[in-house]
Amino acid sequence: MSGRTADVAVAAGFALAGFVVVLVPAVAVRSEVLNAGVGSMDDDILAASAAMGAVHMVLAWRRLRDEERMAARRLHLWIASLNALVVLALSASVLLLLVLYWFPDEHASLANRGFPVFLLWAGVQGVAVLLAEATARFFFWWLEPRGPPRSSRGGAVLTRRRRLRS
Amino acid sequence: MVVMNRREFLAAGVGLVGATATAGTLAGAVWPLLTREDLLPGKAPDVQLIPRAWQTANDRLSFVALGDNGSGGRQALAVAERMAITYQTAPYGLVALLGDICYYGDFRRRFDTVFRRPLGPLIDAGVGFELAIGNHDNALHFSNQGLSAIEAELELLGTPGRYYTTSHGPVDFFFLDSSIPSLYGPRAPDQLDWLDDALTSSANQWKVVALHHPPYSSGQHGSTPGAQERLAPVLSRHHVDLVLSGHDHNYERIEPQHGVTYVVSGGGCKTTRVGRSAFTAVAERTLQFLHVEVVDDRMTATCVRTDGSVADRFTLRAREGT
């Protein structure tokens, strides 16, 4: 496998893994509700998770493709992505649990006034996606050598870095 | 071999340890809690009911038994909506609440969310609610906080006491406080003596006992320790017809024990797994309530799921000379 193919595969793998961990809470809740004998259930939380998972896929894919061109070592973006995935997996579920568990009356009141659960669920998971992106960028920034730019990764990097610094 | 500097090693270590800890936390705690609890908000039932459409007479009564319904979430609303729809075709004037009517907070603060909002159509139709108090904390012992919550429930629902008896048509109901201090602990003789006297003086054709903790159960909590030894003999001696309980979040009907039929009806808003025991007649993990109709010498009980389908139906015949 060529280096470029490997980069694409790794970027796609991380993006897809992110999609899955965002989707899991909705799939688990839906499955449990249906197992409980409820004949049907609104697909709002599944749709919200799928939407946020897709947003994360796009963000992660674009970030990884950018970082592949900038990274001093590929290892840096893999490590950063691993940490981001951990934060995404944890926050996509834990934030939901906390928000739903600690403010049930507020959500009931909102639902009573027609506020869609889709927005609540997507909003909370959107925060998780942002946290994961921030984590990835922080670790990548922290791992990358700071100082005069090096030309070992080719001219495109130098051009991009000079543009960013100017 | 990959050579890493100090930062790379540290960041990779954080990632690997974090991944391991996260996997354990999610699988062991977060996902089970998220799926077991009824946390999703939903819409209140929008069902119009004819007030006081039921008929109660000396030989006729309809009522519903609902257990563990205190989430106010989407599943509780689905059960409550089905109860309202059932009322449209088979009206009833009483709901026997089998405990745990409020999770996730104080009942005073959550009254609208867990009681008024889901059961609004039935409340507006004039249906009465009578409560067997629950525990809220998956243990038999009441904490001070639990006692405070119970006091709030008794006050807001206008319940006369922690254990009491009521009569509706041909049925005498006995609502018990099934906590350790009250029914199986040091204070047990007080309530058991009261129950013994109340059952002795009961003159109605049917006797129904409602309590939170099940004497017989194959659910997650199982049979309540001490109940079969201390409570069950009293119930069988007085020819109680039906014992309704909750606590385990499922439906289970027990084969008659010394002439007494026991039912666990705890699927009011969430569900847990239920097995089968030697005493099990029917068991199902499902959201449900029990609709009971008494006509003449027959009591027919139907376990209704949220989609309106029937999980179980059984009929009891009145016992002569009891």
Side-chain angles (χ1 to χ4, degrees), chain A residues 21 24-26 28-33 35-42 44-45 73 75-76 78-94 96-112 114-115 117 120-121 135 138-140 142-145, chain B residues 2 4-5 7-8 10-12 14-23 25-26 29-44 71-75 77-79 103-105 109-110 112-114 117 249 251 267 269-271 284-288 305-309 311:
Chain A
V21 298
V24 162
V29 168
R30 182 184 158 77
S31 153
E32 196 72 7
V33 170
N35 279 343
V38 177
S40 64
M41 180 187 170
D42 289 346
D44 50 357
I45 60 170
R73 294 183 75 183
L75 184 66
H76 293 171
W78 296 346
I79 292 173
S81 292
L82 173 65
N83 281 287
L85 195 59
V86 168
V87 168
L88 182 65
L90 198 61
S91 56
S93 291
V94 171
L96 273 176
L97 184 63
L98 294 179
V99 167
L100 291 173
Y101 188 83
W102 287 111
F103 305 101
D105 299 315
E106 288 76 4
H107 301 319
S109 171
L110 286 172
N112 224 22
F115 185 82
V117 175
L120 171 69
W121 192 275
T135 303
F138 167 76
F139 272 99
F140 185 73
W142 192 60
L143 289 169
E144 282 290 284
Chain B
V2 178
M4 289 194 274
N5 64 31
R7 283 194 177 194
E8 290 165 347
L10 191 61
V14 167
L16 290 172
V17 171
T20 308
T22 295
T25 305
L26 290 178
V30 177
W31 287 339
L33 201 57
L34 197 57
T35 54
R36 187 180 67 230
E37 299 299 323
D38 178 29
L39 297 170
L40 277 182
K43 291 175 189 157
S71 67
R74 193 175 278 191
Q75 293 172 206
L77 293 164
V79 174
Y103 298 113
Y104 320 141
R109 184 174 60 79
R110 302 213 67 209
D112 273 344
T113 305
V114 302
R117 191 165 167 259
H249 301 152
Y251 174 78
C269 74
K270 44 191 178 180
T271 64
E284 183 174 323
R285 175 185 185 173
T286 185
L287 292 172
Q288 53 73 230
R305 302 188 188 97
T306 54
D307 61 0
S309 58

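Note that the coordinates shown come from a computational prediction; the quantities given were computed from them, not determined experimentally. Residue numbering restarts at 1 for every chain, and letters A, B, ... go by the order of the sequence lines.
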Flag the one option from [options] with the top tally of heavy-atom pairs under 4.5 Å to chain A.
| options | result |
| --- | --- |
| Val14(B), Leu39(B), Thr271(B), Val79(B) | Leu39(B) |
| Ala11(B), Ala12(B), Gly18(B) | Ala11(B) |
| Lys43(B), Gln75(B), Glu37(B), Arg305(B) | Gln75(B) |

For [X], is it the side chain, the backbone, both or neither that has a heavy atom under 4.5 Å from a heavy atom of chain A?
| X | answer |
| --- | --- |
| Glu8(B) | both |
| Leu34(B) | both |
| Ala19(B) | both |
| Leu16(B) | both |

Go through the atoms of [X] and report whether side chain, backbone, both or neither lie under 4.5 Å from a heavy atom of chain B.
| X | value |
| --- | --- |
| Leu120(A) | side chain |
| Trp78(A) | neither |
| Leu110(A) | neither |
| Leu75(A) | side chain |

Heavy atoms only: give me the nearest [X]-[Y] pair and the separation to one decimal.
| X | Y | answer |
| --- | --- | --- |
| Leu26(B) | Ala89(A) | CD1-O, 3.6 Å |
| Leu100(A) | Pro41(B) | CD2-CD, 4.1 Å |
| Asp105(A) | Arg109(B) | OD2-NH1, 2.6 Å |
| Gly15(B) | Val86(A) | O-CG2, 3.7 Å |

Task: Partner set under ring pair (Phe, Tyr, Trp, His ring centres under 6.0 Å) for Tyr101(A), not counting sequence neighbours - done: Tyr104(B)

Open item on the list: Can you tell me how far apart CD1 (Ile79(A)) and CG (Leu10(B)) are? Round to the nearest 0.5 Å.
Closed with: 10.0 Å

- [ ] Starting at CG of Asp38(B), measure out to CD of Glu32(A) and round the result to the nearest 0.5 Å.
- [x]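 Answer rounded to 0.5 Å: 11.5 Å.
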
Open item on the list: Looking at Arg285(B) and Asn35(A), would you say the former's side chain and the latter's main chain have a donor-acceptor pair under 3.5 Å?
Closed with: no

Residue selection (most heavy-atom pairs with chain B, distance under 4.5 Å) from [options]:
| options | answer |
| --- | --- |
| Leu97(A), Leu82(A), Val94(A) | Leu97(A) |
| Val87(A), Asn112(A), Val21(A) | Asn112(A) |
| Ser31(A), Ser93(A), Ala84(A), Ala80(A) | Ser93(A) |
| Gly114(A), Ser109(A), Ala108(A) | Ala108(A) |

Task: Salt-bridge present (Arg74(B), Asp44(A); N to O < 4.0 Å) - done: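 Yes, Arg74(B) and Asp44(A) are salt-bridged.
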
